[in-house]
Protein chains: 2
Amino acid sequence: MKDKIVVALGGNALGKTPVEQLQLVKQTAKPIVDLIQEGHEVVLAHGNGPQVGMINLAMSTASNSEAGTPEMPFPECGAMSQGYIGYHLQNAIREELLNRGMNTPVATVITQVIVDKEDPAFKHPTKPIGSFYSKEEAEVIMSEKGYDMVEDAGRGWRRVVASPLPIDVAEKETVMALIEKNHVVITVGGGGIPVVQEGNQLIGVPAVIDKDFASSKLAEIVDADYLIILTAVEQVAINYGKPDEKWLKELSIEECNQYISEGHFAPGSMLPKVQAAMKFATSKPGRRALITSLEKAADGIEGKTGTLIKM
Amino acid sequence: MKDKIVVALGGNALGKTPVEQLQLVKQTAKPIVDLIQEGHEVVLAHGNGPQVGMINLAMSTASNSEAGTPEMPFPECGAMSQGYIGYHLQNAIREELLNRGMNTPVATVITQVIVDKEDPAFKHPTKPIGSFYSKEEAEVIMSEKGYDMVEDAGRGWRRVVASPLPIDVAEKETVMALIEKNHVVITVGGGGIPVVQEGNQLIGVPAVIDKDFASSKLAEIVDADYLIILTAVEQVAINYGKPDEKWLKELSIEECNQYISEGHFAPGSMLPKVQAAMKFATSKPGRRALITSLEKAADGIEGKTGTLIKM
């Protein structure tokens, strides 16, 4: 049976340099194309942590140097990262498809994700971005630019931005039109360019939308059958790393809630993945979320591995 | 009558900083939306000279600094510029459409333009990009990175890349699918990310594809009725800037050839625009190209101004 699948790929899987990325996307493309070859419709979302960090750092370094290039706001850096990552990713998938005799078109859509300007996250920015500074430098930056900055685990001061929840995908009509036209669509890169709506205007805000939550929202919007959240491990575990570690083949919503309250899933790591999976799985009967590794994605859809989360 | 129109917008019209760009796209959006409101289908191509120059300079400055960010190849800088420009442009057009009660979706497609690796332009790179260096610095860069560099009008040494002719648009199916789905599509930004085809692979090459030639090729591919090439002046002139200057309402292909041979159009300025217009106008009976200013685009389509080039 043909399923519509949103795959959420981690930004760490894409490497830290263009040379690395160009190599890594070749590996990424194979399991993605396996899914397409099985007859599934695939929409690809991806993270951009290391990439937007690098772009932001480069733009900010150059703007403070003799080069005198302009300061680049964080949402614009996100838009750049979508172009940079999408270009490599779409080519690798296109090539893998052609190598297997498939002509499916692949497209990268510059995608904005709408957040609520009243989201409480804006009052408590927690997501560190960019370079480390001394306390003195940080104080100057905070007063000059109005940035929020915090001391980061003894390594110095760093800018923090909010991580609000996604409420809509601005380019959803485009994504749906391309799915209908049999495209593999690359979208909500880095969780999407974060924007708030003011009347008819979309305004970029310095924020990082969790890419798993953005992918979950996207999967709802495009009415996907599956959300696959890719991670470094094949399955979700309780008592992870302990002697009584237990890998899980399936998780009900009740079990998810129980394990979350017992603190089994690490914040900023497995926790948001489980939460994003739950959100999608409970959004409509029949929707299923799978957490597994890139290599096991196709096996997971066939029920052979991964952790399935469903109502 | 409803026409399909490819509009080629100059990169200079987008400003040099994100703050400037965000203002300028608002002005750009109005005449574009005028065309859409008249019932035309609009595909928007744009230049990226100042923007990709800025990104390339920032990435190269940061990679040579303590920040130690990776060196960014020129095609990747182009992909970034498409994201950066498309993000602002699509939002401005979307807002202007909504202000006039129209819900037409607007999308930016990361777009590669295929060039021939045997294009003679690769043997004679002429397009300067990036920073100026001393002769000594340039010699080190040329030997270390294999770049072509030339002395630029007494201002120092600069890298030069080839300006090959576009032969195809890799994402043409995507662009056509979105036009069919009633989208305003932003594509071939900066003339497209330049790639060569090697078997099933598309490989980025350091080059700058003239955005008017790329727009002309795009207009052929999407079977447009009109190609509008926007420039700083309302019409094309012969004897430009001289006492016998004459503004032209219409140009036949014969007249174009005659005036080109007489040297009326400046290379790197009006000449490629006239050549790109001729290429489209002669590609199929009924196709017309218009050279005019952004503000006069809608009047031009109605035959009130601009310079019309047709077979």
Side-chain angles (χ1 to χ4, degrees), chain A residues 16-20 54-55 57-63 65-67 69-73 75-76 78-84 86-88 90-91 94-99 105-110 112 131 170-171 173-174 177-178 180-183 186 189 193 195 199-204, chain B residues 16-20 54-55 57-63 65-67 69-73 75-76 78-84 86-88 90-91 94-99 105-110 112 131 170-171 173-174 177-178 180-183 186 189 193 195 199-204:
Chain A
K16 290 186 173 160
T17 71
V19 176
E20 270 180 39
M54 175 265 288
I55 293 169
L57 174 59
M59 298 307 296
S60 128
T61 302
S63 76
S65 78
E66 271 185 26
T69 51
E71 247 184 88
M72 196 54 66
E76 278 77 354
M80 288 184 188
S81 79
Q82 289 186 354
Y84 164 60
Y87 161 49
H88 282 183
Q90 74 188 38
N91 273 354
R94 176 187 176 280
E95 186 188 350
E96 185 66 28
L97 284 163
L98 287 172
N99 288 346
V106 190
T108 302
V109 175
I110 295 300
Q112 306 171 86
S131 323
E171 287 75 21
E173 276 187 75
T174 308
L178 289 174
E180 217 177 288
K181 289 283 191 179
N182 195 32
H183 275 64
I186 300 171
I193 306 166
V195 293
N200 290 333
Q201 215 179 348
L202 296 177
I203 301 170
Chain B
K16 289 184 174 164
T17 72
V19 176
E20 270 181 38
M54 176 264 288
I55 293 170
L57 174 59
M59 297 308 296
S60 127
T61 302
S63 77
S65 79
E66 273 184 24
T69 50
E71 246 183 89
M72 197 53 65
E76 279 77 354
M80 288 185 188
S81 80
Q82 290 186 353
Y84 164 61
Y87 161 50
H88 282 185
Q90 73 187 39
N91 273 354
R94 175 187 177 279
E95 186 187 350
E96 186 67 27
L97 283 163
L98 288 172
N99 288 346
V106 190
T108 303
V109 175
I110 295 299
Q112 306 170 85
S131 322
E171 288 74 22
E173 275 186 76
T174 308
L178 290 174
E180 217 176 288
K181 290 282 191 180
N182 195 32
H183 276 63
I186 300 171
I193 306 166
V195 293
N200 290 332
Q201 214 180 349
L202 295 178
I203 301 170

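Each chain gets a letter, A, B and so on, in the order the sequences are listed, and its residues count up from 1.
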A.B. asks: Nearest 0.5 Å, what's the CD-CG distance between B:Glu173 and A:Leu178?
C.D. replies: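 Reported value, rounded in 0.5 Å steps: 11.0 Å.
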A.B. asks: Does any backbone or side-chain atom of A:Ile193 lie under 4.5 Å from a heavy atom of chain B? Answer side chain, backbone, both or neither.
C.D. replies: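 When you check distances to chain B, only side chain atoms of A:Ile193 fall under 4.5 Å.
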A.B. asks: Please rank A:Ile203, A:Leu98, A:Leu97, A:Thr61 by heavy-atom pairs under 4.5 Å with chain B and give me the top one.
C.D. replies: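 Counting heavy-atom pairs under 4.5 Å, the top option is A:Leu98.
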A.B. asks: Check A:Ala177 against B:Lys181 and note the closest heavy-atom contact, atom names and distance.
C.D. replies: CB-CG, 3.7 Å
A.B. asks: Tell me, out of B:Gly86, B:Ala107, B:Pro105, who's got the most heavy-atom pairs with chain A below 4.5 Å.
C.D. replies: B:Pro105
A.B. asks: Give the member of A:Lys16, A:Glu66, A:Glu20, A:Met54 that has the highest number of heavy-atom pairs under 4.5 Å with chain B.
C.D. replies: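 The option with the most such pairs is A:Met54.
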A.B. asks: Under 4.5 Å heavy-atom distance to chain B, tell me which part of A:Asn91 shows up: side chain, backbone, both or neither.
C.D. replies: side chain
A.B. asks: A:Met59, A:His88, A:Glu71, A:Gln90: which one forms the most heavy-atom pairs within less than 4.5 Å of chain B?
C.D. replies: A:Gln90
A.B. asks: Return the option, out of B:Gly204, B:Ser63, B:Gly199, B:Ala67, with the maximum number of heavy-atom pairs under 4.5 Å with chain A.
C.D. replies: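 Of B:Gly204, B:Ser63, B:Gly199, B:Ala67, B:Ala67 has the most heavy-atom pairs under 4.5 Å with chain A.
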A.B. asks: Provide the closest heavy-atom pair for B:Arg94 versus A:Leu202 in the form atom of the first, atom of the second, distance.
C.D. replies: NH1-CG, 3.4 Å
A.B. asks: With a 4.5 angstrom heavy-atom cut-off, which part of A:Val19 approaches chain B: side chain, backbone, both or neither?
C.D. replies: neither
A.B. asks: Under a 4.5 Å heavy-atom cutoff, which of A:Gln82, A:Met72, A:Glu171 has the most pairs with chain B?
C.D. replies: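 Sorted descending by pairs with chain B, the first entry is A:Met72.
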A.B. asks: Sort A:Ser65 into side chain, backbone, both or neither according to what part of it lies under 4.5 angstrom from a heavy atom of chain B.
C.D. replies: side chain
A.B. asks: Can you tell which of A:Ala79, A:Ala170, A:Ser60, A:Ser81 has the highest number of heavy-atom pairs within less than 4.5 Å of chain B?
C.D. replies: A:Ala79
A.B. asks: In terms of heavy-atom pairs under 4.5 Å, which option from B:Thr174, B:Leu57, B:Val106 contacts chain A the most?
C.D. replies: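 With the most close heavy-atom pairs to chain A, the winner is B:Thr174.
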A.B. asks: Measure distances from B:Gln112 to the heavy atoms of chain A and classify the residue's part below 4.5 Å as side chain, backbone, both or neither.
C.D. replies: side chain
A.B. asks: Check whether A:Glu180 gets within reach of chain B through its side chain, its backbone, both or neither, counting any heavy atom under 4.5 Å.
C.D. replies: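 Only the side chain of A:Glu180 comes within 4.5 Å of chain B.
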A.B. asks: Heavy-atom pairs under 4.5 Å with chain B: which of A:Gly189, A:Ser131, A:Pro75, A:Gly78 has the most?
C.D. replies: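 Max contact count across the listed options: A:Pro75.
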